[in-house]
Amino acid sequence: MGAQQDKLQVRWQTEAVTGAARTLILLLAAALTACSTDSGRDELVVFGAASLTDALMMAELAFETANPEVDIKLNLAGSSSLREQVLGGARADVVIPANLGIMDELVERDEVDAGQISIVATNGLAIAVAPGNPGNIDSAADFARSEPFLGVCHPAVPCGSLAYEHFSARGITPSIDTEEPDVRALLTKVIEGELDAGIVYESDIVAADGAVDGILMDAPEVSYPAAVTERSSQPELADRFIAFLRSPDGQKIFTDVGFRQR
Amino acid sequence: MSRTIKDRPPGLLVALAAIAIALFGLPLLGLVTRTPWTELGSILTSDVVIDALWLSVVTSIAAAALSLVFGLPLAWLLARVEFRGRDAVRALVTLPMVLPPVVGGTALLLALGRRGVVGEPINDATGFLLPFSIWGVILANTFVAMPFLVITVEGALRNLDPRFETAAATLGAGPLTVFNRITVPAILPALRAGTVIAWARSLGEFGATVTFAGNLQGRTQTLPLAVFVALESDRDTAVAISLLMVVISFVVLISLRDRWWSTR
């Protein structure tokens with residue numbers, strides 16, 4: 001009885017495994033067919049930092065209008081996510097993270113040639129103040145006061161580490177109520193008046209379109225480096241796109257959405 | 001041999017079930033293979049993790065308790081009392097299950113935040129504020145977790161033969177006595193299951209919490225929030241905390257299953 005049952009058990013298992021394999025193959029085949037319907041245009045995959053969202057979407061439109069044979073695909077995410085994706089083997093032709101450190105790591109792992117890197121835009125920190133300035137915030141020094149509701153980005157993301165660097169450089173011991181995981185989440189809480197102030201990028205103040213007041217900060221600049229990847233199948237096209245970003249037309253897009261010129 | 005096998009189980013069903021198991025098992029395998037075993041001890045005893053663990057335990061238990069206290073009467077209302085708009089109320093209760101938690105958190109902020117429709121008058125009158133506090137975390141957790149309890153318990157109440165309750169009432173028991181002595185004992189397994197599911201959902205809550213309560217170590221940063229920010233900078237810590245959460249959930253769910261769910 002036992003042996004017979006064992007045999008039966010084994011048969012179930014093999015049946016199950018071949019059945020599963022068959023189903024998987026069918027599913028994969030279906031997925032591949034779905035993917036192969038492309039536009040016939042030259043595809044350029046651009047990985048960009050989330051803070052570049054508005055600028056890169058406008059740049060995509062402008063570049064595609066001038067070059068109808070090109071189809072730019074944007075992948076916008078936090079800079080560390082972009083790094084993980086590229087190191088994980090994702091296909092990218094151009095990478096534009098929000099800080100040089102991330103680009104250096106890509107150079108170390110031979111994903112990017114150090115000689116290929118050029119700066120396409122810069123940005124600065126600014127204090128976003130809730131409408132009406134309920135917390136009476138005038139400068140970063142006010143972040144040491146405990147009664148207003150104050151936010152920064154988490155130190156794990158660039159806007160947070162830059163804010164804390166600024167605090168320690170100025171000898172400010174901040175009294176913080178929340179460390180938001182990304183800059184747009186922080187900005188939203190200031191716009192809604194849940195926070196009296198938060199430290200964001202200058203470009204975010206412009207993106208808020210009057211919903212917050214901005215106070216410029218005398219903090220170091222942030223650079224956005226762009227580079228063609230080593231594995232790019234379209235290096236010439238990728239070069240042309242970066243050149244466009246650095247051209248007067250491209251730079252106008254960046255300054256329009258609140259970045260500083262490169 | 002107590003078990004007898006009449007028929008071979010259909011290969012297709014087994015194959016699909018196997019894929020389903022792989023879907024849940026493979027991520028766990030990925031987590032285990034990437035776990036930094038040698039540094040695990042020092043990571044899990046760091047300030048960040050201890051603070052987040054403590055906050056997670058306290059807030060998830062509080063949210064499960066609140067879900068029980070308010071969710072049981074709500075489930076009873078939906079199952080036993082006929083009233084206009086009952087379907088609308090039921091849809092309203094399940095809303096947090098359909099909404100992306102971040103949207104739920106935003107809605108909570110607009111209602112109960114410092115400038116919220118209800119939050120502002122309360123703050124003006126009492127100075128009490130939910131966002132950026134542990135109360136905000138508990139509220140956000142309860143918001144996403146309670147529907148699971150309500151749905152589980154309402155289903156059990158609907159399956160419960162109302163004649164027991166009617167019989168008790170004819171024997172002279174008041175409505176509250178009937179509820180306490182007849183209804184609750186009869187649906188106890190569902191009540192336990194619902195509470196545990198609400199607790200588990202609350203333990204893993206991220207979106208509504210970070211949106212409504214913010215993220216600050218020792219005040220509002222629960223384990224899922226700690227994982228999320230660690231993913232940005234420190235992969236080892238993120239994996240270690242994730243593993244900790246998996247272990248906590250497994251231990252609790254399995255031990256409770258043996259005791260609560262097996263015989264029914």
Side-chain angles (χ1 to χ4, degrees), chain A residues 1-2 4-5 7-9 11-24 26-27 77-81 83-84 87 101-102 130-132 134-135 149-158 160-161 175-182 185-186 188-196 198, chain B residues 1 3-22 48 102 105-106 108-110 112-116 119-120 123 129-133 136 206-207 209-217 219-221 224-235 237-238:
Chain A
M1 177 74 191
Q4 201 184 348
Q5 200 182 358
K7 228 157 96 187
L8 220 48
Q9 204 96 49
R11 266 192 66 191
W12 287 5
Q13 281 166 4
T14 44
E15 287 277 335
V17 171
T18 48
R22 216 177 294 144
T23 316
L24 257 182
L26 280 175
L27 283 174
S79 298
S80 353
S81 309
R83 173 197 57 206
E84 294 297 323
L87 295 181
I102 300 265
F149 282 84
L150 301 168
V152 289
C153 296
H154 192 273
V157 289
S161 57
S175 166
I176 299 296
D177 293 287
T178 182
E179 295 176 335
E180 294 290 310
D182 71 83
L186 176 60
T188 305
K189 285 197 166 85
V190 180
I191 291 175
E192 298 297 343
E194 295 300 329
L195 290 171
D196 293 319
Chain B
M1 277 275 110
R3 230 166 11 145
T4 55
I5 300 158
K6 286 180 191 144
D7 296 306
R8 200 156 56 81
L12 180 67
L13 287 189
V14 176
L16 293 176
I19 292 176
I21 294 173
V48 177
V102 177
T106 307
L108 281 176
L109 209 52
L110 296 177
L112 298 166
R114 199 170 151 216
R115 299 277 174 268
E120 184 158 14
N123 182 28
L129 209 58
L130 281 164
F132 315 117
S133 74
F206 170 74
T209 308
V210 74
T211 313
F212 183 60
N215 171 51
L216 193 68
Q217 188 193 331
R219 206 195 305 175
T220 52
Q221 189 180 71
L225 273 60
V227 173
F228 189 78
V229 290
L231 268 179
E232 290 286 332
S233 58
D234 183 353
R235 177 67 78 86
T237 302

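By convention in this document, chain letters (A, B, ...) are assigned in the order of the sequence lines, proteins followed by strands, and residues within each chain are numbered from 1. Since we're looking at a predicted model, the values are computed, not measured. Keep in mind that the numbers below use all heavy atoms, side chains included, and drop hydrogens, waters and symmetry copies.
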Go through the atoms of A/Pro134 and report whether side chain, backbone, both or neither lie under 4.5 Å from a heavy atom of chain B.
-> side chain

Please flag which part of B/Arg219 lies under 4.5 Å from any non-hydrogen atom of chain A: side chain, backbone, both or neither.
-> side chain

Gap between atom CG of A/Leu150 and atom CZ of B/Phe132 - 0.5 Å precision | 10.0 Å

Checking heavy atoms, do the side chain of B/Leu13, its backbone, both or neither come under 4.5 Å from chain A?
-> neither

Please look at A/Leu195 and chain B and tell me whether the side chain, the backbone, both or neither of the residue comes under 4.5 angstrom of a heavy atom of that chain.
-> both

When only pairs under 4.5 Å are counted, which of A/Pro155, A/Ser81, A/Ala156 shares the most heavy-atom pairs with chain B?
-> A/Ala156

Bottom line for B/Leu110: the part with an atom under 4.5 Å from chain A's heavy atoms is side chain

Of B/Asp234, B/Thr220, B/Leu109, the largest count of non-hydrogen pairs under 4.5 angstrom with chain A goes to B/Leu109

Just by modelled atom types, is the A/Glu194 backbone N or O under 3.5 Å from a matching donor or acceptor in the B/Arg114 side chain?
-> yes

Partner of B/Leu216 under side chain to side chain contact (heavy atoms under 4.5 Å, CB included), picked from A/Glu179, A/Glu180, A/His154, is A/Glu179

